[in-house]
Every structure is written in structure tokens, then in C-alpha cells.
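Below is one structure, written out as C-alpha cells; the observations come after it.
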Amino acid sequence: MTQTATRSELNVPATAAIHDDDRAVVDVEALGELLLGRWAATRRVARELAGRPEVHRIEGQSHADQRSRCFDQLHYLVENKAVHRAFPAELGGEDNHGANIAGFEELVVADPSLQIKAGVQWGLFGSAVLHLGTAEHHRAWIPGIMNMDIPGCFAMTETGHGSDVASIATTAVYQPETDEFEIHTPFRAAWKDYIGNAAIDGRAAVLFAQLITGGVNHGVHAFYVELRDADGNFMPGIGGEDDGLKGGLNGIDNGRLHFTKVRIPRTNLLNRYGNVDSEGVYTSPIASPGRRFFTMLGTLVQGRVSLDGAAVAVTKLALKTAVQYSVERRQFNAGSDLKEEVLLDYQQHQRRLLPLIAATYAASFAHEELLAKFDDVFSGAHDTDEDRQDLETLAAALKPLSTWHALDTLQECREACGGAGFLTENRFTSLRADMDVYATFEGDNNVLLQLVAKRLLADYAKEFSGVDFGVLARYVVTQRAEKTLHRSGLRRVVQTVVDAGSERKSAIALRDEHTQHELLSDRVEAMVAELAGELRGVRKLPQEAAAEKFNEHQHELIETAKAHAELLQWEAFTAAVHQVDDAGTKQVLTWVRDLFGLCLIERNLAWYLMNGRLSTQRARTLSPYINRLLAKIRPHAVDLVDAFGYGPEHLRSAIATGAEKKRQDEAMAYARQQRASGTFPIDEKTVLARTAKAKAKR
């Protein structure tokens, strides 16, 4: 999944068969079906549920009231069978992992707090028992987790170690004399922190700690720990604090937990990947401690997958609201003294919103591919070690892009709606506050992108393992020739000669599918190759020197991973375009895909020029051609956001109800009436112009 797709894999035709047709019409229903994807039926059911008032957030509630409502809503989800899809059929579930995530993501349109609180209960706590435990654990706890008899926590993060799970300090030391583990947080920084359901509601936790037996630390493992009794009081040796008011997601009772030599049964070790017998002997089906650790964490990848999808859903909500407002709101008499212009007719407003729509389509199609990969792995259809690594890498690549994109989109949409966008009733501000933490949930985005970059480097190195000297020699010669070609400007000269100074020819080249794919993939390949060269031999260095070397290139690592993720999104978008049969829809979707690709190139134009990938002629053509694309897409903007499939019950935004159009129509009707009455005041500028004209005739 980390390799660049070939043209044949993308089903890219040899020549572009689509020509501009300004009469293109979007089939909104068909496009909506394409966006709903493989689990369309599940998404419809989930959206119907998310549209009900019972699960909606009430703006302005105190965080205590919001927490109470959110907890009650979990019971409502149970009653409506919205939480069981991924659990085993023998326990009342459906064993349908892809459908589970597809439905779960839609909860975010009701209330992000509800989505995350449900995610803590069933996606983290319940999923950890399911995937890290064995049949005995499933029978003991899964039914209670499913029906909310056991509200739970996922106690992994510590105050002193966030994304660095391997370094957590909580210990679980086996005590052979009593056949128990002793859970202990030895100092303040080892407290479990930011834990959802920990402050009030959690009765049990899946707790991660360093497993120690016979004086040997076998690394991080998961344990089932009871936190509170039936009256809600902490069990002996356990204490905690409320994290208090947060910047968002205040429907969740995040808190801190600490443990002072708390004893739990040995059998509470979730022992699918590592077991301790009554004699204290440790065994595991995975010999490598490092591989074992990543395998255990990999079973919990659904958190990143669902955050990616939820971020895309929120972005769609924001754009539907902002675009609807922008085609109704009129401001300034730009082209007429009688009628003001609608906001979306201004080019800058198009520049603000239409590229965000394009990026959202790309993120949506890429997420559908991620979801399919997730389902393949967890259903067992394609569940090799390599498949799991590919899934982890893909989730780590896409989640940062979608969550950052959601935050940027919410802010831009808020500003694009002016003062109205700042009102709580229109949801931009509260959604952005809630979404803010998604950038650090389930792994900080920058940390995740470093993992992606390291995988890219590993794959790059793997390509040359075991090859003979002749192959390597030819590769080195080719690389040198490529560098010479780019640095000397020969590639740019060739482009200029081909375009013959024609802006039209440059534009045709830029909108070509092959050209876009080549530019985007070439950037990734070049960045990976350059990094590989800079970090050659780093594994042979002492640990401190190797860490310093990686730190010197940390920014390049992250930028390379971002470029790779953007390429994956473009490829997913292109694959989706080729699935469309309706000519008008395909044409418009192609323009939107081109807008996404060319905006990526424009954003990184300095790299393309400095590295000789674009001629100055084509670079000069880029922005004007993007502006022409905006004009082509503008008439279809409402259709594109309508295809997202969210109705008033999901948007719940006053400015997306048509109220603004009603106000504008009323204002224009009043103006027409006043002018027709003959009593309408004359503008002072008109009087001055008439006076000046009269003077000129004298």
C-alpha cells in the first residue's frame, strides 16, 4: 500500500478521452451513491439515527449536563442496536468490521462527544478485550461491554508519555505466591491521563503496563482492571482526578487514574499475544518483542481509521453549510447598481471554498479505500503480517491529512460566512473546538507521519536487497543522469520547447491525468530517494548518533510522508472518477480532481521549480488555469455538496436553511418597490454627476 500505483492499476487511459463541456450536469443521486461507498446501507441507517434529536448536542449546556446527556445517549445507542456490528455473532454481534466503522463515523454529525465516548466504550475498551483477549475473556466481559452493564476506559496514555507507548512507566509485576499481578504507578508522570470515562463513568479499564515476571520486563501488555464498585467508588489502591473543562468534547469525562500496588488475578492479563502461567513463565506466539508490541497495537488501528472518516464527515457538513450560504448571501454592488453579487461569484470566495471541496472528495475516496483495507484485515479475507503493516501505514498516512484538513476547512468556512459563521447556532466554532484534539488523538499527526516515512524508507531499501552489483551500478548511473537532467534544466527546456511558449499547450499538459500523476509521484519518489541517500548507513551508527541524524532530517521525513499521503488521495480520487458512467458527472468530477491535483502542485511549486520538474512557462500557466477550473466548477458547487447526503437534521445550522435567501429576496423586492413608486431617494453621486454634466454644457 505504500508503493506508488502504476497507470494500469489506476486504469488510466492512454489518451485523455474527456473534453471540456460547459453544459455538463451532475447526477447528484448517483454521485451521492459513489460517495456512500461499499457500506451505503449501513451509512443510511447510521445517518437516520444521527439525525434524531435524541442524540444531538444541545449547544450551551454546562459540561456536567453535557456529560450526563452523553452517557445516557450511549444507552440509546444500545437500544437502537448501533454498537454491535463488529462483535462476534455468538455474542450477539455481526462480525462486520467495515460496516461497524462506517456507521460509527456518522455519529460525529450528531455530536463529536458522543462519537468519541462511544468510541471509548466499544471501539477502544471493548475492542481491546475482543482483539487482545481470548474466548474466556470474551464470554466474561463482552456482553456487559456491549449492553453498557460495564462502562469502561482505555488506560494507555500517561502524563509523561503520550504517543510513546513503549516507554510507559506503569508496571504489572507477577506475584507467584498469590497468582496475581500487582499494578503500580511509581510516580506522578506515570498516572494514566486524558482517559475517557475515567473521571465518573468508568467501572473497569483495559490498562496498559510493563509486564514483569521473574525479574524480566516483557514489554507493554494489556490487563483488565476493575476501577469502581457498584456505587461508583474507587476500588482499594485506585484513585483519580477529573481533567475538568477542556477546549472541546466536554461531553466526555476525561480523567486521571493512579494505582498503588493494586492486585488483580493473573487471568486478567489479555493474553492473546503473551501469557504468564501460574509458575510465572512467560510465553508468546510472537518471538520478537518489537514485532509483538506492534502487533498488539496494530489490532487497535480502528481508532485511526474511524477518526479519518469522522474528520471527512465533519468537513462535508461545514462545506455544505458554507456553500449554501455563499450562493444566497449577497454583498456589494460589483456588477450592477440594482443587485448585489452572491458571495460565490467572487473569484476569491471560489478560491477559498472550491479547493476545499476538491480535497474533501479526495479524502472521502481515500477513506473508502482505507475502510476496505481495514475490513479485509479484520474479516480475515486478507490478514497477513504484510497486510496489517500496510493497513497501519495507510491509516497513519491518511488520518493526519484528514484531521488537519477538517480544522482548516472549519476555520475557512467560519471566516467565509462572516459574523454569521461565528454564531454558535451555525456550529462552526463548536465543531472546530471538538475536532481540535483529533489532530493528536490516536497518535500525534507528526509522529504518525514519521512512521509512514520510515516505512517508505524501509520499502525503498527492500527494493535493492539481494540485487547484484550490475543492477545497482545501472541504478546509480540512472540516478546521476536524472539529477543531471533536472539540475541542468534540460527537463524544463524540453517542456518549454514542447509548449512552444503557448499558454494553451501548457494548460493542456497540466490537466492531463498522466502529467499530474507523474508530477505527484515523481516528487514522492525523489524525496524518498534523497532521504535514503542522506540516511544511508544510519543503522550502523551508535544509538545517539543515529537519533541525531534522524532528527536532522525530521522535517523532510514528515514532508515526504505528507507528499505520499496526498498522492494516495489523488490516486483514490482518480480511481473513483473512472467508476462514473454518467458523462456530465464524470466531466465535473474530473475538473474537481484536476483542481485537487493542481492545487497540490501549486502549493509545492517551489519544489517543482528548484528540482527542475516544471518549466517556468508551465508554472506561470498553473494559477490562471486553476482560476479557469474554478469558474467551470462554480455552477456545480451546490450539487457537489448536496451529493454529500446530509440534510437539515444533520446540518442544524441556521444559515443553511434558506433563511438568508428569504432575507435577500425580501430586500430586493423592497428596493424594486421603492424604485417603482417614484419616491425612492436619489443617490448623492447621481446628483453630483448631473450637476457636473450641466456645468460642462454651459
Side-chain angles (χ1 to χ4, degrees), residues 124-138 140-141 152-193 195 198 202 204-227 235-238 256-301 303 388 392 443:
L124 292 176
F125 175 57
S127 201
V129 173
L130 177 63
H131 294 298
L132 299 180
T134 53
E136 184 180 347
H137 300 127
H138 299 168
W141 299 315
C153 307
F154 185 77
M156 176 185 282
T157 302
E158 295 181 356
T159 308
H161 287 100
S163 298
D164 185 7
V165 178
S167 299
I168 60 174
T170 300
T171 57
V173 181
Y174 181 61
Q175 311 293 318
E177 65 277 8
T178 59
D179 199 27
E180 293 175 313
F181 281 100
E182 185 176 86
I183 308 295
H184 188 58
T185 46
F187 44 81
R188 176 60 184 81
W191 286 19
K192 298 298 179 180
D193 210 342
I195 309 301
V206 169
L207 177 138
F208 289 79
Q210 305 285 351
L211 189 159
I212 301 169
T213 181
V216 178
N217 185 349
H218 293 280
V220 176
H221 287 65
F223 302 81
Y224 184 92
V225 181
E226 292 186 8
L227 298 177
M235 303 293 277
I238 301 175
R256 306 178 184 96
L257 298 169
H258 56 85
F259 303 82
T260 304
K261 298 184 177 181
V262 174
R263 296 293 184 95
I264 63 170
R266 174 179 58 85
T267 52
N268 279 27
L269 167 64
L270 300 178
N271 60 343
R272 179 177 177 183
Y273 296 106
N275 187 51
V276 175
D277 67 17
S278 59
E279 301 299 317
V281 177
Y282 179 86
T283 55
S284 172
I286 304 174
S288 166
R291 189 65 245 154
R292 186 191 313 137
F293 172 73
F294 285 110
T295 299
M296 285 192 288
L297 293 191
T299 62
L300 307 172
V301 71
R388 286 186 173 262
E392 292 164 24

Provide the closest heavy-atom pair for [X] versus [Y] in the form atom of the first, atom of the second, distance.
| X | Y | result |
| --- | --- | --- |
| L227 | A205 | CD1-CB, 3.8 Å |
| L132 | A222 | CD1-CB, 3.7 Å |
| V206 | A128 | CG1-CB, 3.8 Å |
| I183 | A172 | CD1-CB, 3.6 Å |
| C153 | F125 | O-CD1, 3.2 Å |
| G219 | N217 | N-OD1, 2.8 Å |

Are there over 12 heavy-atom neighbours, none belonging to Y282, within less than 6.0 Å of that residue's OH?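 Counting other residues, nucleotides and ligands, OH of Y282 exceeds 12 neighbours.
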Please examine the side chains of [Y] and [X], heavy atoms only from C-beta on, and report whether any two atoms are closer than 4.5 Å.
| X | Y | answer |
| --- | --- | --- |
| H137 | N271 | yes |
| T170 | F223 | no |
| V225 | N268 | no |

Taking only residues two or more places apart in sequence or in another chain, which ones pass salt bridge (charged side-chain N to carboxylate O under 4.0 Å, His left out) with [X]?
| X | answer |
| --- | --- |
| D164 | none |
| E392 | none |
| R272 | none |
| R292 | none |

Any donor-acceptor pair under 3.5 Å from [X] side chain to [Y] backbone:
| X | Y | result |
| --- | --- | --- |
| R388 | T295 | no |
| H131 | M296 | no |
| D277 | G280 | yes |
| T171 | V173 | no |
| H161 | A189 | no |
| Q210 | A169 | no |

Between Y174 and H218, ring centroids under 6.0 Å: no
What class does the angle between the rings of Y224 and W141 fall in, given that below 30° is parallel, 30 to 60° is tilted and above 60° is perpendicular? parallel
Donor-acceptor pairs under 3.5 angstrom involving side-chain atoms of residues 257-265: please list them, not counting sequence neighbours.
{"residue": "R263", "atom": "NE", "partner": "E182", "partner atom": "OE2", "Å": "3.1"}
{"residue": "R263", "atom": "NH1", "partner": "T178", "partner atom": "OG1", "Å": "3.1"}
{"residue": "R263", "atom": "NH1", "partner": "E180", "partner atom": "OE1", "Å": "3.1"}

What residues, two or more places apart in sequence or in another chain, satisfy side-chain hydrogen bond (donor to acceptor under 3.5 Å, both in side chains) together with D193?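 side-chain hydrogen bond (donor to acceptor under 3.5 Å, both in side chains) list for D193, sorted by chain: T159, R256.
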What's the verdict on side-chain contact (heavy atoms from CB on, under 4.5 Å) for L297 and M156, showing C-alpha distance, side-chain angles and the deciding distance? CA-CA 11 Å; L297 293 191; M156 176 185 282; 3.6 Å; yes
Distance, nearest 0.5 Å, that separates CZ of F208 from NZ of K192: 8.5 Å
Can H221 and F181 be said to form a ring-ring contact (aromatic ring centres under 6.0 Å, His included), step by step? CA-CA 12 Å; H221 287 65; F181 281 100; 9.0 Å; no
